[in-house]
Structure formats: C-alpha cells, structure tokens
**Student:** 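Mind looking over this structure? Questions follow.
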2 protein chains.
Amino acid sequence: MHAPVPPVGSAFLLTQLGTHAAQAFAQRIGELDLTPPQTGLLRAIAGAPGSSQQALADRLGTPATRLVALVDGLEERGLVERRRNPADRRLHAVHLTDAGTALLADIGRVAREHDDDLLAALDPGERARLRELLAKVAADRGLAPGVHPGYRTLPPA
Amino acid sequence: MHAPVPPVGSAFLLTQLGTHAAQAFAQRIGELDLTPPQTGLLRAIAGAPGSSQQALADRLGTPATRLVALVDGLEERGLVERRRNPADRRLHAVHLTDAGTALLADIGRVAREHDDDLLAALDPGERARLRELLAKVAADRGLAPGVHPGYRTLPPA
DNA sequence: TATTGTTATACTCTATAACTATA
DNA sequence: TATAGTTATAGAGTATAACAATA
C-alpha cells in the first residue's frame, strides 16, 4: 500500500484540453503555412491597422524584439507591410496587404472548422453554456479578449 | 473601412484559458522547485510504481530520451530512484523515495489551491457543470485521463 | 536624454540519431 | 538481432542586452 495519487482537478482538465486545442489549431493553421503566434499577430494588426510595432508588442504583451521577428516573417511573405511615418521617422506603421486581408478570411474559416470539430461532443445548448462559463472565468482572471497569454512568459513565482 | 476581424470561438477561449491555467500552475508549482513536466512524471510514477522508463515514456507519450533527463533531475534531488531488475538487467524500475512520496502530498495541496483560485468566479454548481462539459469534450477527443498532452509534439498537418 | 526599431547573443526545451549494455 | 537506457547533437522558440536612428 502506497500513498494515493492526488486526483486531478477541473483546472487540470482545463489545461489538458487547452493544450490539446492549441495543438489541434496549430496543426490546422499550419495548412495555411502559419504558426499560432503569426495568426494572432495578423489578427492584432487587422484590429488596429497602422499601429506601431511598439504598440502591437504592448497589446500582445510580448518583447519588441520578438515582434520584429514575427513581422519580418509576415512581411517577407507579403502579408503585411511597414510604412514609415514621415512625421516621426522612428515609427513603422504596420498594415495588412491585400494578400494579408484575404488570408485573414481563410483564418476565420479554419478557426470555425476547428471550433466545430473540437466541440463536436456538445449540442448547441451545451456549447453556449460552456462558452458562458469559460468567459466568466476568463473575465475574472483578467484575460484580455482575443489575446493569447502565450506571447508573454510569467516570472517564476 | 477594412475587412472585419473574425470573431474568436469557444475553442480559442479554451486555448486562452488553458494556457493561462498552465502558466498559473507552473508559477505555483515552482514554489516546490518543480516544473509541470516533472510534476506529471511524479504522478505517473506514483500511479504505477516500478514501471520501466520505457513504460513511463509510452504512458506519457514522450520520447525515452526526454524521460531519461526528467528522471535524472528527480533522482539527483532524491525524489525517485532507479532499481535495476536482476532478472533483466536492461530494465530500470523507477520508484518514488519517501521524500518523493511526501512531495506528492504537497503537490496535491498546491493543485487544490490552484483549482480554487482559478475557478473563484464560479459557484459550486457552475464548477460541477464546467467539469462535466470539459470531461465530455476530453473523452470525445480521446485524451487520456490525467496525462497532459504537452509531453508529445504533434506532427505538422 | 528618451524612444523606436533592430541585431547579436544566449538560454531553455525538445527531438533525432548514434552509442552501450544486456538479452 | 532486438530492446532498454544513455549520450551527443542540433533545432526551434524566446529572452536579454547592446546598438543605430531619430526625436
């Protein structure tokens, strides 16, 4: 007889399912040759076109240096462009290109498919209830709507 | 006027909250000088004492090489020990030490605190309902109870 | 002197492949 | 020849620090 293994709580279920959902999304969005961070950045740019990189970094909660690398990757593929601000030449306003805007629509489609697949076990009423409960917890924990916490690393303890 | 940003679905909420929960747990469990993967391994060993490293790797869905490094770290701290099997000297049976067993109890306490904190916004009925819905989805998606999907990496598409 | 953006560098985590010992 | 475990190595992703341009 040895000590019992402590049972997992609801938080673990949430973590487990959240990681699974993230992996499944990464796999799906990979078909568009995008990574999840790139996808989130595209959304952030679409939501606030012309933002400076500093502003985007603040919004996503990530170091500016990481944002530079992400924007580089998207710019090379012609999805976004940097436009220098003549009034303050330090600033680079980031905009979606037409290709970026088109790809955003594809992202929306992939996200809906992902959603349907993941929650296939729940009927519409259950889905609504789940969403409600998750939103309540997310609000209580101060999570910014639409911003993935993976852009920042928490300090140890 | 530009193209609208596609709305996030319930799956995103799940991913967002799951990542948040994982970060919060990592922070808490860090107070015991443990990482989440180490914690999961301790639980797996407690659940099947004397397993070979190969068996543990299979159960967690991780490459054996990663398991070696994890066991190394726990063994150096005196939390687990490898016992050579005399009948087949290739096998290393992994067991918790007394210190490991004691730490497991602390892990259980920390996990309960984490659970309570994370779901503070929900009343008992809501918590039960959330757990039920999450469990239903997890079962449908084929997630092994108590095993975090983060031990394995999914192939791209 | 302060701020935006960039580059250089190092660190952590994980995976792949090669190797050792036992069978 | 096959299996358990290990070591060596390399890659991806991210962070910290130093730097350049502009204000």
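Predicted model only: the values in this text are computed from it and were never measured.
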**Student:** Quick check against the 3.5 Å criterion: does B:R77 have a side-chain atom that pairs as donor or acceptor with the backbone of B:G100?
**Tutor:** no
**Student:** Kindly give the heavy-atom pair with the smallest separation between B:L17 and A:L134, and that separation in Å.
**Tutor:** CD2-O, 3.5 Å
**Student:** Name the residue closer to the 5' end of DNA chain D, choosing between A:A69 and B:R82 according to the nucleotide with the nearest heavy atom.
**Tutor:**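 Counting from the 5' end, the first nearest nucleotide belongs to B:R82.
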**Student:** Return the value, rounded to whole Å, for the distance between atom CG of A:L70 and atom C1' of D:dA15.
**Tutor:** 13 Å
**Student:** Going 5' to 3' along nucleotides 16-23 of chain D, which nucleotides have protein heavy atoms under 4.0 Å from the base (write B), which only from the sugar-phosphate (write S), and which from neither (write -)?
**Tutor:** B-----BS
**Student:** How many whole angstroms separate atom CG of B:D58 from atom C1' of D:dG5?
**Tutor:** 13 Å
**Student:** What is the distance, rounded to the nearest whole Å, between atom CG of B:L91 and atom P of D:dT6?
**Tutor:**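 The answer, rounded to whole Å, is 11 Å.
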**Student:** Considering residues at least two apart in sequence or located in another chain, which fulfil the ring pair (Phe, Tyr, Trp, His ring centres under 6.0 Å) criterion with A:H92?
**Tutor:**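 Here no residue qualifies.
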**Student:** Heavy atoms of chain B, cut-off under 4.0 Å: which first and last nucleotide of DNA chain C, 5' to 3', fall inside that, if you could look?
**Tutor:**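 Using the under 4.0 Å cut-off, the span is C:dT14 to C:dA23.
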**Student:** Check whether any side-chain N or O of A:T101 sits under 3.5 Å from a backbone N or O of A:T97 as a donor-acceptor pair, and report yes or no.
**Tutor:** yes
**Student:** Donor-acceptor check, side chain of B:Q16 to backbone of A:G18, threshold 3.5 angstrom: yes or no?
**Tutor:**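 Answer holds: no.
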**Student:** Hey, which of these two, B:T35 or A:Q53, hits DNA chain C nearer its 5' end, going by closest nucleotide?
**Tutor:**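 Comparing both residues, the 5'-ward one is A:Q53.
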**Student:** Is there a donor-acceptor pair closer than 3.5 Å between any side-chain N or O of A:R83 and the backbone N or O of A:A93?
**Tutor:** no
**Student:** Is B:D116 paired with B:R127 through a side-chain N to carboxylate O contact shorter than 4.0 Å?
**Tutor:**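 Looking at B:R127 and B:D116, the cut-off is met.
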**Student:** Taking only Lys NZ, Arg NE, NH1 and NH2, and the carboxylate oxygens of Asp or Glu, determine whether A:D115 and A:R112 approach each other closer than 4.0 Å.
**Tutor:** no
